Amino acid sequence: RSKSPNATDGVSAKATAKNNGASSPAATVSDTDKPHSIVEVESMLHSLNDAARVPVPICLSGYHPPPSHRRVLGDLAYLCATMPDGRAVHITAFPLGFYVNRSTAEKFDPTPIVGVGSTNG
C-alpha cells in the first residue's frame, strides 16, 4: 500500500505544511492557536481548579501538640487528613513545610514516609 505525499506518520498536518512551506488550510492559525487574554487564561485556570478540587477534611491529629523532644527537632503541629477513600493520612508541620509521616491511629511515628510520590526514592 503506498502512502500519499501528504501522509504525516503521526506528525500534524500543520507541522508538515509549515515544514514544506505550503500554504494550505492546515497551515492557517486556528482559534485554539491564538493567544488568549490574561482574563481568559485566569478564567480557564479557575475552572480547572474548581473541577480538580476534592474535599479532604483536615484536623489536628490525636498526637498534637508535639511532645517537647519533637518540638526541639522542629515539629510544629500534627495533622490528620481523611482521603476520599476513607484512609487517614498523618501529616507533620515543620518550619520548612509539611510531610506525610508514618503515624497511624494506633501508633505514633513522626518520621517521614520516604519514597512515596517522590521521584528520587
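Quantities reported herein were computed from a predicted structural model and do not represent experimental measurements.
The salt bridge (Lys or Arg N to Asp or Glu O under 4.0 Å) pairs that include a residue from residues 88-101 number zero, where partners must be two or more places apart or lie in different chains. Note on residues 88-104: no pairs pass salt bridge (Lys or Arg N to Asp or Glu O under 4.0 Å), not counting sequence neighbours. The stretch residues 57-66 participates, sequence neighbours left out, in no salt bridge (Lys or Arg N to Asp or Glu O under 4.0 Å) pair at all. Annotation: salt bridge (Lys or Arg N to Asp or Glu O under 4.0 Å) contacts involving residues 57-73, sequence neighbours excluded, comprise R70-D75.
For S47, the side-chain contact (heavy atoms from CB on, under 4.5 Å) criterion is met by no residue, not counting sequence neighbours. With sequence neighbours excluded, the residues forming a side-chain contact (heavy atoms from CB on, under 4.5 Å) with P112 are Y99, listed by chain and number. With sequence neighbours excluded, the residues forming a side-chain contact (heavy atoms from CB on, under 4.5 Å) with T104 are E106, K107, listed by chain and number. Partners of Y63 according to the side-chain hydrogen bond (donor to acceptor under 3.5 Å, both in side chains) rule, which considers only residues two or more places apart in sequence or in another chain, do not exist here.
As a member of the Ile/Leu/Val/Met/Phe/Trp/Tyr network built from side-chain separations under 4.5 Å, L73 groups with nothing else and remains a singleton. Residues I38 make up the rest of the hydrophobic cluster containing V39, defined by ILVMFWY side-chain heavy atoms closer than 4.5 Å, directly or through other members.
Clustering ILVMFWY residues whenever any of their side-chain heavy atoms sit less than 4.5 angstrom apart, transitively, puts L79 in the very cluster that holds V56. Under the 4.5 Å side-chain heavy-atom criterion for ILVMFWY residues, no single connected hydrophobic cluster contains both F108 and L60. Hydrophobic clustering places V54 together with I58 (ILVMFWY residues linked when any side-chain heavy atoms are closer than 4.5 Å, directly or through intermediates).
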Return a table of donor-acceptor pairs under 3.5 angstrom between the side chains of residues 81-94 and protein atoms on other chains or two or more places apart.
from	atom 1	to	atom 2	distance (Å)
D85	OD1	R87	N	3.0
T92	OG1	N101	ND2	2.7

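The two atoms that bring P66 and Y78 nearest to each other are CA-CE1, 3.4 Å, heavy atoms only. Of all the heavy atoms in P110 and S103, the pair that sits closest is N-OG, 4.0 Å.
Between D50 and R53, some side-chain heavy-atom pair lies under the 4.5 Å cut-off.
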